[in-house]
Amino acid sequence: MSERHINIKLKVWRQKNKSDKGNMEEYALSGVSTDMSFLEMMDTLNEKLTKEDKQPVAFDHDCREGICGMCSMYINGQPHGPLKGVTTCQLHMRTFNDGDTIVVEPWRSAAFPVLKDLIVDRTAFDRIQHAGGFISINTGAAPDANAIPVPKENADEAFLAAQCIGCGACVAACKNSSAMLFTAAKVSQYALLPQGQAERYRRVEAMVAQMDKEGFGACTNTGACSAECPKEISISHIARMNRDYLGAKSTSNAI
Amino acid sequence: MSWISTTLTSSLGKKLIVGITGLFLCSFLVVHCGINSLIFLNDGGEAFNIGAYFMATNPVIKIMEYVLFLGLIAHIVQTLLLALENKKARPVGYFKENGNANSKWYSRSMAILGTLILIFLILHLKHFWWSKVSGHLAETGETMFAEMLEIFEKPIIVVIYVLAQISLAYHLLHGFSSAFQTLGFNHIKYNGLIKSVGVVFSLVLPIAFAAMPIVIYFGIIK
């Protein structure tokens, strides 16, 4: 696809700090290359704002190759924009047309308070992970191949769950701001492997308890999380978490 | 808190209550629809009246009626509480939302669809349940079928009943398969079956229910 240059209008959420009320601001950008990524377009906007002696738009970003989970924009009513299976940094301006108005908002959730402009505090995810998303023993050096047999399909399934980059698009997309897909992915990746079995039940109990404590909503099974997930993580992991949680609650020694 | 209350008050436990009560209410719909469909025999309501009499007098059914009300109340109260909590999880909404890009409108509207069904249910209980428990039927010697013919004379009632069944159809279209997901039933061997049974269930029952007031209103069944 050959490069074009388009003129766009942006409606961007601006909020000075956590306690500021915030509002939508309109900006016009002309001659935007369609080869630019969405974040490069935002950089261009920020250069323009800086030259005009205005505050640039604060937004999270890091690797810019779709693997770190830092970028987090809610674009035209969808987390990471309209493309399936990509993060905002992998969304390119060729997806948009000349004259388009693009609405850019932060993730919205009580558990993800806005810190500034488009940056939200996603440490709630870290705390869920800290509650049990790990294996407590020292695993030591890499074991011999096949020392611990793992069926291929389990390894694949665990790997699909482990692809979660913790970006929070699931929470942003869910009408209930539920963190089930994230938590389920983290529970699943260990539940499917032999190394995760020893703490399987303790893990799911602790992680769900922390998820609830953070103020995320419950699951309505709309499937929006999975549809918007840049790593296309399946809601079958949520069913696994539900099974494990009920199994854990009804059989674990924690009264 | 004991482990039971911890479980049932967690986000997963609350959903479990919604799922189990939802499937229980589905089983009630099958019985209700089965007995009511006896009117389609067009035998002047004879078979239907026998069925209605059995349902009103059998002791097991009488006990199940209480269980049904408990299940219904649990389903309503729990979903209302969940809806309020879920609302609280996003205090500031989006300026622009494109929900249709990632989910079905009826999946996102379960609370509204449920509320419409609840409003209908109050009217429906007034029509057919209250006449039984208040002793109106016993007093007048009227049969349940005669009661049906009388109530469905009014076109507005027929319209309300049909609209309610459309709400029920969409509520079931999401709810049936969703309940299995909540219970953890998600397996490559059964997902297709759950999905297709759910679609058939949410079409057949509401269509049969909606047909009842229509055929009576137009005098096809009398």
Side-chain angles (χ1 to χ4, degrees), chain A residues 11 13 22 24 74-79 82 84 103 105-106 108-111 114 171-180 204-205 208-209 211-212 215-228 234-250 252 254-255, chain B residues 1-19 78-79 81-111 174-188 190-191 194:
Chain A
K11 277 187 185 166
W13 182 260
M24 298 297 284
Y74 197 84
I75 302 158
N76 275 350
Q78 286 178 269
K84 267 191 90 69
V103 180
E105 298 172 82
R108 292 296 190 190
S109 165
V114 176
V171 173
C174 176
K175 75 177 187 68
N176 306 336
S177 293
S178 173
M180 296 274 180
V204 69
E205 286 189 275
V208 169
M211 173 181 79
D212 287 350
F216 292 105
C219 180
T220 304
N221 302 325
T222 68
C225 52
S226 182
E228 295 292 0
S234 161
I235 59 166
S236 64
H237 298 298
I238 299 182
R240 182 179 294 103
M241 176 171 72
N242 292 346
R243 284 199 295 277
D244 274 16
Y245 184 73
L246 294 173
K249 281 296 179 194
S250 48
S252 80
I255 304 279
Chain B
M1 261 198 303
S2 82
W3 68 270
I4 296 174
S5 56
T6 317
T7 308
L8 294 181
T9 53
S10 70
S11 56
L12 268 61
K14 286 175 194 159
K15 288 298 304 181
L16 185 73
I17 294 173
V18 175
Q78 189 68 96
T79 45
L81 289 176
L82 271 169
L84 290 176
E85 274 173 39
N86 291 339
K87 201 119 209 126
K88 240 174 51 193
R90 177 166 295 147
V92 183
Y94 290 109
F95 182 80
K96 183 178 178 180
E97 264 183 288
N98 187 6
N100 289 331
N102 53 39
S103 51
K104 297 271 186 270
W105 70 267
Y106 51 84
S107 297
R108 302 192 303 272
S109 316
M110 289 300 275
H174 173 82
F176 187 87
S177 53
S178 176
F180 285 92
Q181 163 80 4
T182 299
L183 293 171
F185 284 93
N186 183 316
H187 192 283
I188 190 166
Y190 310 109
N191 284 352
I194 292 170

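Below, each value reflects all heavy atoms present in this structure, side chains not excepted, and no hydrogens, waters or symmetry copies. Note that this is a predicted model, so its numbers are computed, not measured. First the proteins, then the strands, lettered A, B, ... as listed; each starts at 1.
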Quick check on A/Met241 against chain B: is it the side chain, the backbone, both or neither that has a heavy atom closer than 4.5 Å? both
Polar side-chain atom of B/Asn102 near backbone of A/Glu228 as donor-acceptor pair, under 3.5 Å: no
Does any non-hydrogen side-chain atom of B/Glu85 lie less than 4.5 Å from one of A/Asn176? no
Pairwise side-chain contact, B/His174 with A/Thr220, heavy-atom cut-off 4.5 Å (strictly under): yes
If one checks every heavy atom of B/Ser177 against chain A at 4.5 Å, the contacting part turns out to be neither
Does the B/Gln181 side chain pair with the main chain of A/Asn221, one donor and one acceptor, at a distance under 3.5 Å? no
Please classify the contact of A/Ile75 with chain B as side chain, backbone, both or neither, using a heavy-atom distance under 4.5 Å. neither
Is any side-chain heavy atom of A/His237 closer than 4.5 Å to one of B/Asn186? no
For the pair A/Arg108 (side chain) and B/Tyr94 (backbone), establish whether a donor and an acceptor sit closer than 3.5 Å, ignoring hydrogens and angles. no
Honestly, the part of A/Lys11 sitting under 4.5 Å from a heavy atom of chain B is side chain
Heavy-atom donor-acceptor pair, B/Arg90 side chain to A/Gly217 backbone, under 3.5 Å: no
Tell me, side chain or backbone of A/Cys225 under 4.5 Å from chain B's heavy atoms, or both, or neither? neither
Under a 3.5 Å cutoff, is there a donor and acceptor pairing between the side chains of B/Ser10 and A/Asp212? no
Please name the pair of heavy atoms, one in A/Asn76 and one in B/Asn98, separated by the smallest distance, quoted to 0.1 Å. O-CB, 3.8 Å
Closest non-hydrogen atom pair between A/Gly215 and B/Ala89, with its separation: O-CB, 3.6 Å
